Amino acid sequence: MFIEIIENIFVKILPKYWHLFVFEGLGYTLLLSLITVLCGTILGSLLALLKMSKIPPFRWLVTAFVEVIRGTPLLLQLYIGYFLVPQLIPALSSNKFVSVSIALVLNSAAYVTEIIRSGIQAVDKGQTEAARSLGLSQAQTMTKVVLPQAVKNILPALGNEFVAVIKETSLASTFYVGDLMTQYLVVKGNTFLAMECLLVVGVIYFVVTFVLSRAVSAFEKRLKRGE
Amino acid sequence: MENNYIIQTVDIHKSFEKLHVLKGVSQHVSKGEVVSIIGPSGSGKSTFLRCLNMLETPEKGQIFFEGVDISDKKVNIDIHRQKMGMVFQQFNMFPHLTVRQNLTLAPTTLGKMSVDEANALAEDLLARIGLRDKADVKPGTLSGGQKQRVAIVRALAMQPDVMLFDEPTSALDPEMVGEVLDVIKGLVKTGMTSVIVTHEMGFAKEVSDRVLFMDDGYVVEEGTPEQIFGNPQNPRTKDFLSKVL
């Protein structure tokens, strides 16, 4: 049986469909992941600032947002995005890729908020005190002393978030957005070789995430050595 | 305030949650004076020192620095902190900057000096503590004693009027205490107004013009080093000194 599966992969799947997996599927998966993490980081940074602000209602709103996002399944959020976004913005009704992306971005932003907040708060309080005692303002202390150190905590965590998002985007295939998992559904529909397609998709996911997480830890080590 | 005091506190109180740490401290420091604060752990001496540059905000009382009530929320505290150097128990070097950049960050960021002026001053200050050759390394490679000496000149790079020392040798290995105390002694000799929280009794006796003994949120006794160490009056002072001397 195993030999048959391997044979099918190399004879019936890869020669005919490899470009679907590697170009379309992986392409869309990486594009979706990049959009999610980039926009999620921008939004998450703003939310982290609000969460650390002195104005309580801002903090409460961000906390509520983060808790709701983290406390509900991503698939549910994707469904809501899929149905809600076109109703709110009719111009997007024909573009499910954007609707799903918005849901993914909001989800990722919640996690990034916590990554940035904890990265900043992990910087020793003595650093802030030393900077303030020299007469630096709160903003100067943040930009010259705290953030340069927090970045070393934040960047590797964002790299890991990217790896996690690559896997999470597979849920978007529920809406046939063209990612790797969507290509599995497509090719399986054409060939009726489910296990073979799953293996191909699995290997691609694994290779990409493995290489990326190795790169992240190498980068992390380099940051640490700079001290 | 019509007097010569560079720092004056009026009945300051500070609590952390339910713990009443300062229970009304009224004190003063004159220009050029060296005041040491001794006392048992938890007596409030570090909290009192940290109130002097508003790192802790007292809930009651006033703090005057060079005649300005810096406990007033309307006062821009950053401007006044530039004139008060502080040295911490844990050094608090900026690990992402070189030793030289640690010294030049505040003067250049605050527009007090040009980059060239700040660098020249940093060279001078590092030479004074014998660490000129360490100017371009990161603090992570320095020993504790070296870090604390650099921390002292980092504060001096802002050319402050007062130096506040918060247990500057408590986190050091014993063999490094001497080198740090020597730097402080040298600084005090130049006439720098200093307030020093310390557990080093011999050092306090040697450098201070006045010694404050704090216990349980009050300044229980104060006087010249001879009075406090030679002939303490308060039973709590006697008890404390009998334990540490």
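Below, read A as the first sequence line, B as the second, and so on, with proteins coming before strands; counting in each chain starts at 1. These figures come from a predicted structure and were not determined experimentally.
- Heavy atoms closer than 4.5 Å to chain A are found in the side chain of B:F88, but not in its backbone.
- Counting non-hydrogen atoms of neighbouring residues, nucleotides and ligands closer than 6.0 angstrom, the OH atom of A:Y28 reaches no more than 12 such neighbours.
- Within the 4.5 angstrom heavy-atom criterion, no atom of B:M54 approaches chain A.
- Below 4.5 Å, heavy atoms of chain A meet heavy atoms from B:R154, B:A155, B:M158, all part of residues 147-169 of chain B.
- In this structure, A:S133 OG and B:D78 CG are separated by 11.0 Å, a value rounded to the nearest 0.5 Å.
- For A:Y205, the OH atom counts as densely surrounded, since its 6.0 Å shell holds more than 12 non-hydrogen atoms of other residues, nucleotides or ligands.
- Summarising the geometry, atom NZ belonging to A:K144 is positioned 10.5 Å from atom CD belonging to B:Q101; distances are rounded to the nearest 0.5 Å.
- How far OG1 of B:T109 is from CG of A:L134: 9.5 Å, rounded to the nearest 0.5 Å.
- Within the 4.5 angstrom heavy-atom criterion, atoms from both the backbone and the side chain of A:E129 approach chain B.
- If you tally non-hydrogen atom pairs under 4.5 Å between each of B:L55, B:L97, B:L110, B:N53 and chain A, the highest count goes to B:L110.
- To the nearest 0.5 angstrom, A:L136 atom CG is 8.5 Å from B:Q82 atom CD.
- Of all the heavy atoms in B:M93 and A:Q127, the pair that sits closest is O-NE2, 2.7 Å.
- Atom-to-atom distance recorded for A:L223:CG and B:H96:NE2 is 13.5 Å, nearest 0.5 angstrom.
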